[in-house]
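Have a look at the structure below, then the notes.
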Amino acid sequence: MYNKKIDEKWQKKWEETNIAKFNKENIGKKYYCLEMFSYPSGAKLHVGHWYNYGPVDTFARFKKMQGFEVFQPMGFDAFGLPAENYAIKTGIHPYDSTMKNIETMEKQLKEMGAMFNWDSEVITCKEDYYKWTQWLFLKLYERGLAYRKKANVNWCPSCNTVLANEQVIDGLCERCSSVVTKKDLTQWFFKITDYAEELLSGLDELDWPEKTKKIQTNWIGKSTGSIVTFDVENSDLSFDVFTTRVDTLMGVTYVVVAPEHEIVPKITTKSCEKEVNEYIEKCKLIKEIDRLAENREKTGVFTGSYAIHPITKARVPIWIADYVLATYGTGCVMAVPAHDERDFEFAKKYKLNLKQVIIPKMIGEEKSDLKDKFKFEELLDKKAYTEKGILINSGEFDSLTSEEAKEKITKKLKSINKGDFKVTYRLRDWLVSRQRYWGAPIPVVYCEKCGVVPVPEKDLPVKLPYNVEFKPDGKSPLAKSEEFVNTVCPHCGGKAKRETDTLDTFVCSSWYQFRYPDNKNSEKIFDTDWIDKMLPVDKYVGGPEHAAMHLLYARFITKVLRDAGLTKVSEPFKSLVHQGLILGPDGNKMSKSKGNVISPDDYVEKYGSDVFRMYLMFGFSYVEGGPWSEEGVTSMSKFVSRLQRILETINSLGNNEKTEYTKSDKDLLYVFNFSLKGIIADLEQMQFNTAIAKIMEITNALYKYVANVKEQEQNVKLLKEIAIKFIQVISPFMPHFAEEMWSIYNMPFSVFNTSYPIVEEKYLISDTIELAVQVNGVVRYKIIVPSSADETEIEKIALEHERLKDYLVNKTIKKVIVVKSRIVNIVIG
RNA sequence: GCGGGUAUGGCGGAAUUGGCAGACGCGCCGGACUUAGAAUCCGGUGUCUCACGACGUGAAGGUUCAAGUCCUUUUACCCGCACCA
């Protein structure tokens with residue numbers, strides 16, 4: 001009986017024979033199959049890990065048997081907040097808890113029996129890895145892609161520390177639930193915005209889920225519009241605004257500048273100074289929780305200054321308001337209350353003017369009443385007209401369509417040097433500083449004389465000290481280590497202080513796919529020639545939650561490495577799949593508090609890892625996931641036993657040889673080859689559930705044969721041949737079980753060194769085929785036709801059927817549609 | 001608010017891409033084996049109807065010889081972004 005003992009037996013043998021070994025000689029057939037590595041925060045592997053790694057291992061083994069040289073590495077994303085928070089709570093050092101977790105997880109991963117290349121393991125918190133993470137930082141710095149800037153960051157006034165975005169839950173601190181505010185701090189950024197256009201256009205060529213591409217597209221947020229320059233009245237100052245609706249330019253009645261904008265103090269008049277300063281202070285203190293609130297009422301104040309409309313030369317008041325974001329576009333907007341809802345709302349509140357310049361485009365006379373509907377007077381108590389249309393009240397631009405006007409107005413602005421076409425992105429630069437202990441130190445020192453000095457490559461890694469007070473008290477933990485902070489300037493040799501922030505863990509995981517194939521390289525981050533042969537990753541599988549974070553960062557870093565001449569690869573992950581989420585039996589997300597957590601270990605112990613893996617593959621559509629079912633596991637256990645019984649029965653039959661195949665033999669060969677064809681197609685698309693359904697069909701056909709064909713008529717030789725092939729077919733799905741069956745059939749170790757069976761098309765062809773015949777679209781009877789029959793012959797056979805007469809009473813045949821090897825439809829009336 | 005996705009028996013889920021809806025499995029019903037049960041093996045199982053047959057893929061229309069699949073409208077739930085000018 002298949003059980004955990006059998007798992008252990010074959011795992012041992014696989015390890016001894018190093019079955020997962022990657023043969024570099026065979027690089028021409030390489031297949032880089034990658035699963036997102038584990039985050040060792042919890043002590044154990046959960047169902048989610050299994051659901052990612054188990055089925056993908058099935059896929060990888062299938063690829064191996066197809067003749068590919070499979071590279072399937074595994075590692076640990078070991079830096080990060082949970083380990084540190086755990087340390088704060090328990091006093092156990094993050095290094096110790098992380099290493100202990102990794103040890104447990106490695107053991108569990110081995111019990112899974114996946115074909116991982118453990119030789120290539122990477123652990124991001126180890127010096128030999130983070131040395132190169134730091135090196136990468138220096139490379140970005142060298143290329144002007146890492147820079148320091150004052151940033152408005154999340155601040156918890158109770159913990160007295162900066163929080164990462166992920167630590168802010170609905171505007172509250174994840175640890176103490178205090179209301180989070182904003183604070184200006186100098187932080188390190190990566191200039192991902194330099195790559196915005198390529199990150200966007202590169203999506204086209206990727207074999208990724210459309211949804212994921214859409215998320216990245218929205219995240220990058222390209223928007224095409226115009227830039228318009230407004231001069232400040234009685235001053236030589238001017239400022240730019242970005243707009244996608246320059247066709248409404250003639251409707252501008254005021255302009256708004258973000259409160260943080262540098263021009264604000266320069267244009268604020270004496271009489272407005274007090275009010276403006278108070279407003280700016282208020283904005284700084286605004287709580288994150290309030291900022292996130294829906295339908296927040298807009299506020300703002302007048303600066304006292306006026307801007308000059310670039311075309312009409314009209315005076316328009318300059319306001320500041322926090323509905324204008326300093327971080328998007330130019331931080332200034334032109335306000336057209338008649339045609340923008342936000343401006344409309346603001347203008348109504350502060351009694352600012354409206355000017356309508358767009359009316360709906362008329363389609364025929366009957367809609368002319370629309371003209372009245374959008375009359376200026378009514379706009380005030382209704383809402384803005386934000387659709388495109390025809391220009392009015394716009395002087396030389398009257399009667400143009402919105403699209404024509406955008407073109408003409410921008411060109412006009414360009415000619416008088418007051419504007420141009422402009423593309424803007426929503427994507428912001430990547431803030432990589434973390435005021436945390438458990439991460440890779442940022443390799444930079446601050447010298448009194450030389451300023452910011454990068455740590456020279458020869459001094460890497462900047463080691464993360466072990467003995468540090470990591471409990472939060474308002475300072476970065478590393479800042480409290482005198483030994484760490486105080487150093488000498490690599491440039492002038494004078495006194496200097498180290499950067500005490502660490503890198504966001506997403507930096508560590510943004511390049512690991514390059515390190516796996518060359519993980520022991522102590523000279524370089526990786527060998528370029530070798531990496532260019534191994535990359536890109538052919539199949540990448542992991543959860544969809546990383547769509548806009550990890551997957552975007554990894555693409556960005558890849559392009560940076562390429563531009564630095566370290567690789568020729570532009571996209572790291574050619575093909576991407578997201579597995580679904582396994583929910584608790586109650587249909588809710590698994591959580592300790594709900595008490596609905598399923599522990600893989602219990603099932604592996606009871607049924608063996610193959611049964612557990614098979615259930616995960618069969619019970620759900622892979623990309624959907626769904627609720628856990630206890631019956632599902634037991635039924636899978638029963639199926640594996642049933643499969644074992646028939647394989648053992650066939651093996652025990654006495655040999656006989658029949659020279660000719662009977663109808664039963666041919667039927668069996670048909671089912672086997674037809675199902676095999678489907679299994680191969682399903683595996684290619686990671687449709688594990690339907691592939692296993694077909695394995696069950698083969699199993700059922702074998703039972704049927706043994707039960708229905710008289711013993712002396714059974715073709716045992718054929719049965720055994722099919723059984724042996726069948727073991728090969730199932731081996732990627734049930735690796736331990738298949739290896740055991742393989743040995744029972746006296747086949748030489750290992751089944752994974754054999755080729756996956758090939759469909760024998762000759763057994764799929766039969767002399768006749770059955771076709772359904774519809775009358776007016778409803779199936780009424782079936783006909784048997786020679787498989788060689790053409791449309792005319794099929795039609796003839798279909799029309800000869802006596803059942804048709806019943807339907808033809810008082811009716812005549814109007815049309816006959818014959819779709820070869822599909823269907824016949826007889827239209828009567 | 002914007003963008004994306006999903007909806008199929010009692011349940012998990014299929015459907016060669018417009019061609020026999022419900023593969024495969026669970027559950028349920030029946031039979032065989034058994035002193036008995038468990039296990040196992042075999043058969044049945046969308047709904048309504050005694051049956052002929054009719055109806056049936058969230059809802060309502062439409063295109064087509066033919067629609068779960070395409071088009072229009074709509075509802076519910078899930079996910080992403082959210083004052084992005």
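Every value quoted in this text rests on a predicted model; they were computed, and no experiment measured them. All heavy atoms count here, side chains included; hydrogens, waters and symmetry mates do not. To find a chain, count down the sequence lines: A is the first, B the second, and so on, and within it residues start at 1.
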Walking RNA chain B from its 5' end, the first of Arg428(A) and Tyr622(A) to be reached, judged by nearest nucleotide, is Tyr622(A)
**Study point:** Pairwise C1' distance, U73(B) and A66(B) [rounded to whole Å]
**Key:** 24 Å
Between NE2 of His578(A) and P of C79(B) the distance, given in whole Å, is 16 Å
Rounded to whole Å, CG of Asn700(A) lies from C1' of U40(B) at a distance of 14 Å
Judged by whether its glycosidic angle lies within 90° of 0, G9(B) is syn
Phe639(A) CZ to U40(B) P, in whole Å, measures 13 Å
Sorted by number, residues from residues 818-829 of chain A placing a heavy atom under 4.0 Å from RNA chain B are Val819(A), Arg822(A), Ile823(A), Asn825(A), Val827(A)
Just to confirm, is there a sub-4.0 Å distance from OP1 or OP2 of C41(B) to any side-chain nitrogen or oxygen of Tyr703(A)?
-> yes
To the nearest angstrom, the CG-C1' distance between Asp586(A) and C11(B) comes to 16 Å
- [ ] Using a 4.0 Å heavy-atom cut-off across all strands, classify Asn776(A) as base, sugar-phosphate, or nothing.
- [x] nothing
Leu643(A) atom CG is separated from G25(B) atom P, nearest whole Å, by 13 Å
One should report the stems of RNA chain B, each a stretch of at least three consecutive Watson-Crick or G-U pairs at distances under 3.5 Å, as B:1-7 with B:75-81, B:10-12 with B:24-26, B:27-32 with B:40-45, B:46-48 with B:53-55, B:58-62 with B:70-74
State whether Asn689(A) places a side-chain N or O below 4.0 Å from either non-bridging phosphate oxygen (OP1 or OP2) of A14(B). yes
Practice item. Would you indicate what Ser629(A) reaches in the nucleic acid, counting non-hydrogen atoms under 4.0 angstrom: base, sugar-phosphate, or nothing? Key: nothing
When rounded to whole Å, the CD to C1' distance for the pair Glu795(A) and C65(B) reads 13 Å
Taken to the nearest whole Å, CD/Glu341(A) to P/C2(B) is 9 Å
Those residues at least two apart in sequence (or on a different chain) that pass side-chain hydrogen bond (donor to acceptor under 3.5 Å, both in side chains) with Thr224(A) are none
Quick check: are there more than 12 heavy atoms from other residues, nucleotides or ligands sitting under 6.0 Å from NZ of Lys213(A)?
yes
Closest to the 5' end of RNA chain B, once Ala693(A) and Gln774(A) are matched to their nearest nucleotides, is Gln774(A)
Exercise. Tell me whether the guanidinium CZ or amine NZ of Arg426(A) lies under 6.0 angstrom from the six-membered ring centre of Trp219(A) and within 45° of its axis.
Key: yes
hbond_proxy Lys782(A) side chain to C20(B) base (donor-acceptor, 3.5 Å cutoff):
yes
Exercise. Within the structure, does a side-chain N or O atom of Ser621(A) lie under 4.0 Å from either OP1 or OP2 of G12(B)?
Worked result: no
### Query
Between Tyr607(A) and Tyr603(A), how do the two ring planes meet: parallel, tilted or perpendicular, split at 30° and 60°?
parallel
Classified by glycosidic angle (syn within 90° of 0, else anti), U57(B) comes out anti
Atom CH2 of Trp219(A) and atom P of C79(B) are separated, to the nearest Å, by 17 Å
Notebook entry, point to check: OP1, OP2 of A85(B) versus side-chain N and O of Tyr323(A): anything below 4.0 Å?
Noted result: no
- Task: Verify the contact: side-chain N or O of Arg426(A) to OP1 or OP2 of A82(B), cut-off strictly under 4.0 Å; return yes or no.
- Result: yes
* When the P atoms of C50(B) and A39(B) are considered, how many whole Å apart are they? -> 35 Å
Quiz item: Can you tell me if the side-chain N/O atoms of Gln687(A) get under 4.0 Å from OP1 or OP2 in A15(B)?
Solution: yes
- Query: Is any side-chain nitrogen or oxygen of Asn218(A) closer than 4.0 Å to OP1 or OP2 of A82(B)?
  - Reply: no
Assign Gly619(A) to base, sugar-phosphate, or nothing according to its heavy-atom contacts below 4.0 angstrom with the strands shown.
sugar-phosphate
- prompt: What orientation do Tyr195(A) and Phe556(A) show, parallel under 30°, tilted 30 to 60°, or perpendicular over 60°?
  reply: perpendicular
**Prompt:** When we call it a touch if two heavy atoms are under 4.0 Å apart, what does Glu624(A) touch: a base, just sugar-phosphate, or nothing?
**Reply:** nothing
Check whether any side-chain N or O of Arg642(A) sits under 4.0 Å from OP1 or OP2 of C41(B), and answer yes or no. yes
No-H, no-angle donor-acceptor pair, Lys298(A) side chain to C83(B) base, under 3.5 Å
yes
task: Give one of base, sugar-phosphate or nothing for Val324(A), where a contact means two heavy atoms less than 4.0 Å apart.
output: base
